[in-house]
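Since we're looking at a predicted model, the values are computed, not measured.
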Amino acid sequence: MRIGELAQATGTKAETIRYYEREGILPYADRTDSNYRDYSEDHLATLTFVRRARELGFSMAQVRELLALSDRDDKPCQDVDRLARSQIDEVQRKIDDLTAMRDELSRMLAACDTDRIGQCRIVESLANGSRSC
């Protein structure tokens, strides 16, 4: 399949596919006689794997490691488990950060009881860097 077909099948931009090739994440495609890239089902499977891992928040370094580990069917999956646990920890950290942001914004909004920008406690809080209104 050509790069446009692979892009459409995976929801990945063509430039991203080319980037993954340059970075060694996706093997280079064979070329047709007219010099078009010719992607195989293996490319589709690898790119699907990469896209799903990225959707779950794995870094490119982790994706590389997961790809390398996925080629070793006979090995125990403790390294994959370690990466997944690490990603769960990172997701929880982000949830905690987002929760704190939501709470701060809620405090700011609750403290704002004016209808004029010049007296707005939210704008004042943002301008002076204070943590709550």
Side-chain angles (χ1 to χ4, degrees):
M1 75 185 80
R2 293 212 176 137
I3 195 166
E5 295 167 314
L6 182 62
Q8 185 174 8
T10 60
T12 306
K13 293 180 181 178
E15 185 52 41
T16 302
I17 294 170
R18 289 184 199 102
Y19 169 77
Y20 287 159
E21 283 182 323
R22 285 190 307 271
E23 293 298 311
I25 299 292
L26 190 66
Y28 280 102
D30 293 333
R31 296 286 186 150
T32 64
D33 290 339
S34 54
N35 207 30
Y36 287 104
R37 289 176 171 91
D38 187 24
Y39 294 94
S40 68
E41 291 299 316
D42 287 341
H43 287 101
L44 176 62
T46 299
L47 188 54
T48 300
F49 182 101
V50 170
R51 290 279 301 173
R52 183 66 180 133
R54 295 293 289 153
E55 287 170 359
L56 290 170
F58 287 100
S59 68
M60 289 307 293
Q62 290 170 318
V63 169
R64 287 178 195 280
E65 191 172 349
L66 287 166
L67 281 169
L69 291 167
S70 72
D71 287 339
R72 300 188 286 181
D73 292 340
D74 60 330
K75 299 291 184 185
C77 65
Q78 64 192 24
D79 290 334
V80 174
D81 292 349
R82 175 186 48 78
L83 287 168
R85 279 190 206 94
S86 174
Q87 188 56 23
I88 289 170
D89 292 344
E90 179 64 15
V91 167
Q92 186 59 56
R93 186 195 61 74
K94 288 178 181 179
I95 289 169
D96 293 345
D97 289 348
L98 288 169
T99 300
M101 279 193 277
R102 182 203 59 212
D103 293 348
E104 180 67 16
L105 286 166
S106 294
R107 280 190 297 277
M108 291 169 68
L109 190 57
C112 188
D113 58 358
T114 184
D115 62 350
R116 300 274 184 229
I117 295 289
Q119 299 168 340
C120 181
R121 301 290 306 269
I122 295 172
V123 171
E124 178 185 320
S125 176
L126 293 172
N128 68 26
S130 64
R131 294 291 281 157
S132 95
C133 297

Which atom of [X] lies closest to which atom of [Y], heavy atoms considered:
X     : Y     : answer
Ser70 : Asp73 : O-OD1, 3.6 Å
Thr10 : Arg51 : O-NE, 3.5 Å
Glu21 : Ala29 : OE2-N, 3.2 Å
Ala7  : Lys13 : CB-C, 4.4 Å

Q.
For the CG atom on Asp74, are there more than 12 heavy atoms of other groups (residues, nucleotides or ligands in this structure) within a distance under 6.0 Å?
A.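 More than 12 heavy atoms, drawn from other residues, nucleotides or ligands, come within 6.0 Å of this atom.
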Q) Do other residues, nucleotides or ligands put more than 12 heavy atoms under 6.0 Å from Glu15 CD? A)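 Yes.
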Give the cluster check for [X] versus [Y]: same hydrophobic cluster or not, with ILVMFWY residues linked at side-chain heavy-atom distances below 4.5 Å.
X      : Y      : value
Tyr19  : Leu26  : yes
Leu67  : Val80  : yes
Leu109 : Leu126 : yes
Tyr28  : Ile25  : no
Leu56  : Leu66  : yes

Can you find a pair of side-chain heavy atoms, one from [X] and one from [Y], that are under 4.5 Å apart?
X     : Y     : value
Val50 : Thr12 : no
Met60 : Glu23 : no
Val63 : Arg54 : yes

When rounded to the nearest 0.5 angstrom, what is the spacing between [atom1] in [X] and [atom2] in [Y]?
X     : Y     : atom1 : atom2 : result
Leu6  : Leu47 : CG    : CG    : 5.0 Å
Leu83 : Cys77 : CG    : SG    : 11.0 Å
Arg37 : Asp30 : CZ    : CG    : 12.0 Å

(Q) Considering only residues two or more places apart or on different chains, which pairs with a residue in residues 79-88 satisfy salt bridge (Lys or Arg N to Asp or Glu O under 4.0 Å)? (A) Glu65-Arg82
Q) Are Glu90 and Arg93 within salt-bridge range, i.e. N to O under 4.0 Å? A) yes
Q. Below 4.0 angstrom, N of the basic side chain to O of the carboxylate: do Arg2 and Glu5 qualify?
A. no
**Q.** Gln87 side chain to Gly57 backbone, donor-acceptor under 3.5 Å
**A.** yes
Q: Mind jotting down which residue pairs meet the ring-ring contact (aromatic ring centres under 6.0 Å, His included) criterion with at least one end in residues 30-86? Sequence neighbours excluded, please.
A: Tyr39-His43
